[in-house]
Amino acid sequence: MSRPSFLFSDGDLSATLRSQEEKVEGAAQDIPADHAVANSAEDLAAALVEEFRIDPIALDEGAMTVSSRDEQIDVSRDPMRFIRDPSRPFYVPGTTVTYHVPFGGAAGLFKLRPSRFTSNPPSGFVGDGELRISESVPTPVPADIKAQLDRNLAQVKTYLDWVNADVTAFNARLAGSALAAATRRREKVKADHDLVASFGIPVRRADAPTTYAAPPVHRQISRAAAAKGAPGAKLEPVLPAEEYEHILSIVGNMAKVMERSPKAFATMGEEDLRQHFLVQLNGQYEGDATGETFNFEGKTDILIRRDGRNIFIAECKFWDGPKKVTDTIDQLLGYSSWRDTKTAVFIFNRGGNLTNILTKIGPTVVAHPNFVREISYGGETDFRFILRHRDDPERELTLTIRVFEVPG
């Protein structure tokens, strides 16, 4: 077991907290521009608070345990003993008794000196979520050893009160400073966008994006208002990559439900299966997922809208050969407006021979006239491609094809 050392003496807590506050401003300025404008200052601040807040230490005395072990005790400095050569260690049999106190919070706080302190800090050992306070004494063990351990623990608790007071004050300030930093970042991004939009010429997306990431509703991120700029320069919502994957994962989880309850889905048709997907999607997108919705030139099977804009489009089809895949892609391209960039096709197979079907997906899409490239993605039943928009060869959209074996 490691030897105890002085606690609360390796650094200045006040200086550490000041440094932490300075990092908040830097982190706010590092927020990507599209993310800054896509979310409210309050939501951005909440993320900063979550990143930089410090959890005070809380001892769990109710779960405290005690242990003892044999120890060789150096008594060379004991004035009550006759030691021929006190300059050298002189060991006698003894015992070390230890309090083991579990704790929660930031363990690093045990190292830092609070704004209020004494010249004689307590000693102990901190490791693995546990504070250990020990007393080593020669045999026989004195009767007051418990009283001494209790005094040591009380001293630690006094220091923790001082440490936690400093930390609590820091956390209280953090909310305000994070909100101020997040507000400054959003205002700068919006001001930069307004500046270049006022020039009246096309904005280069690498420098100032003309889209913002539509926030995920289920995760309690508020709807963002588009930044104001020159006429025609309003920011448009797009689906961020992480939300695209989240939607696909919801669909994937629904497929697992089918596998676990095959009898419930054995007689369902295309529309019924699609409805089950919509139930799951609407559970996380607050009713923004709809089926058979008019979009551009036709009706799409699954559509998710945000702020009046389509951000995800999908088609559900039973496998009926490669031509059906090609026709579905054409159908999807017909549904997709210039702004739609995230799409999917969910193929249900109820006739067995899934391996043979999977070998035909890639070549079929590659042969499509709007094919650009294939991207390595997912497992054996997942495919991803980049396609050109039908009416704008400079505009690309992402197509994910996911194949499901449906109970029959």
Side-chain angles (χ1 to χ4, degrees), residues 1-21 23-24 27 46-74 93-175 177-178 219-220:
M1 180 179 292
S2 300
R3 294 290 180 181
S5 58
F6 284 114
L7 303 173
F8 310 107
S9 58
D10 290 347
D12 185 352
L13 177 58
S14 296
T16 299
L17 296 178
R18 286 194 298 270
S19 175
Q20 192 82 339
E21 287 184 277
K23 292 177 182 178
V24 173
L48 291 171
V49 169
E50 183 66 22
E51 179 180 358
F52 288 99
R53 77 177 302 277
I54 299 174
D55 292 328
I57 292 176
L59 298 180
D60 186 2
E61 293 184 70
M64 182 174 69
T65 57
V66 64
S67 68
S68 66
R69 70 176 188 275
D70 292 334
E71 191 82 47
Q72 291 294 308
I73 309 297
D74 178 14
T95 300
T96 294
V97 181
T98 301
Y99 278 175
H100 302 261
V101 190
F103 69 86
L109 293 174
F110 277 108
K111 298 180 179 180
L112 302 174
R113 184 179 64 251
S115 56
R116 183 179 178 185
F117 59 93
T118 67
S119 59
N120 184 31
S123 62
F125 176 80
V126 177
D128 301 326
E130 180 180 85
L131 168 67
R132 301 170 199 164
I133 300 175
S134 300
E135 280 291 321
S136 298
V137 293
T139 303
V141 176
D144 66 345
I145 189 169
K146 183 181 186 301
Q148 182 58 47
L149 286 166
D150 288 341
R151 284 192 293 271
N152 294 345
L153 178 58
Q155 189 181 14
V156 170
K157 291 166 63 177
T158 296
Y159 262 78
L160 284 179
D161 286 342
W162 296 337
V163 166
N164 289 339
D166 290 347
V167 169
T168 299
F170 164 78
N171 287 336
R173 296 192 304 271
L174 181 59
S177 57
R219 300 175 190 176
Q220 302 303 315

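Residues Ile145 and Thr95 fail the side-chain proximity criterion, which asks for heavy atoms closer than 4.5 Å. No side-chain heavy atom of Leu112 sits less than 4.5 Å from a side-chain heavy atom of Val163. Taking the side chain as every heavy atom from C-beta outward, Val156 and Leu160 approach each other to under 4.5 Å. With contacts defined as side-chain heavy-atom distances shorter than 4.5 Å, the pair Ile54/Leu17 qualifies. In this structure, the side chains of Leu13 and Phe8 stay at 4.5 Å or more apart for every pair of heavy atoms. The shortest distance between side-chain heavy atoms of Trp162 and Thr118 falls below 4.5 Å.
Annotation: the span from Ser136 atom OG to Gln72 atom CD amounts to 11.5 Å, rounded to 0.5 Å. The CG atom of Leu174 sits 8.0 Å away from atom CD of Gln20, with the distance rounded to the nearest 0.5 Å. To the nearest 0.5 angstrom, Glu130 atom CD is 11.5 Å from Leu59 atom CG. In this structure, CD on Gln155 lies 5.5 Å from CG on Asn120, to the nearest 0.5 angstrom. Rounded to the nearest 0.5 angstrom, Asn171 CG and Asp166 CG are separated by 11.0 Å. The CG atom of Leu131 sits 8.5 Å away from atom CD1 of Ile57, with the distance rounded to the nearest 0.5 Å.
The aromatic rings of Phe110 and Phe103 lie perpendicular to each other, with more than 60° between the two planes, well past the 30° mark.
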Evaluation steps, side chain to side chain contact (heavy atoms under 4.5 Å, CB included), between Val126 and Lys111 | CA-CA 9 Å; Val126 177; Lys111 298 180 179 180; over 6 Å; no
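Heavy atoms of other residues, nucleotides or ligands lying less than 6.0 angstrom from CZ of Arg173 number more than 12.
Partners of Asn152 according to the side chain to side chain contact (heavy atoms under 4.5 Å, CB included) rule, which considers only residues two or more places apart in sequence or in another chain, are Ile133, Glu135, Gln148. Residues satisfying the side chain to side chain donor-acceptor pair (under 3.5 Å) test with Asp55, not counting sequence neighbours, are Arg53. Partners of Ala63 according to the side chain to side chain contact (heavy atoms under 4.5 Å, CB included) rule, which considers only residues two or more places apart in sequence or in another chain, are Asp60, Pro102.
Contact between Arg132 and Gly127 at its shortest, heavy atoms only, is NH2-O, 4.2 Å. Across Met64 and Val101, no two heavy atoms sit closer than the pair SD-CG2, 3.5 Å. Taking all atoms of both residues into account, the shortest heavy-atom contact from Phe6 to Pro121 is CD2-O, 3.4 Å. Closest approach of Ser134 and Thr98 over heavy atoms only: OG-OG1, 2.7 Å. Between Val167 and Pro56, the shortest heavy-atom distance links the atoms CG1-CG, 4.0 Å. Across all non-hydrogen atoms, the minimal contact from Val24 to Ala178 is CG1-CA, 3.9 Å.
Between the side chain of Ser19 and the backbone N or O of Ala15 there is no donor-acceptor pair closer than 3.5 Å.
A salt bridge links Asp150 to Lys146: at least one charged side-chain nitrogen sits closer than 4.0 Å to a carboxylate oxygen.
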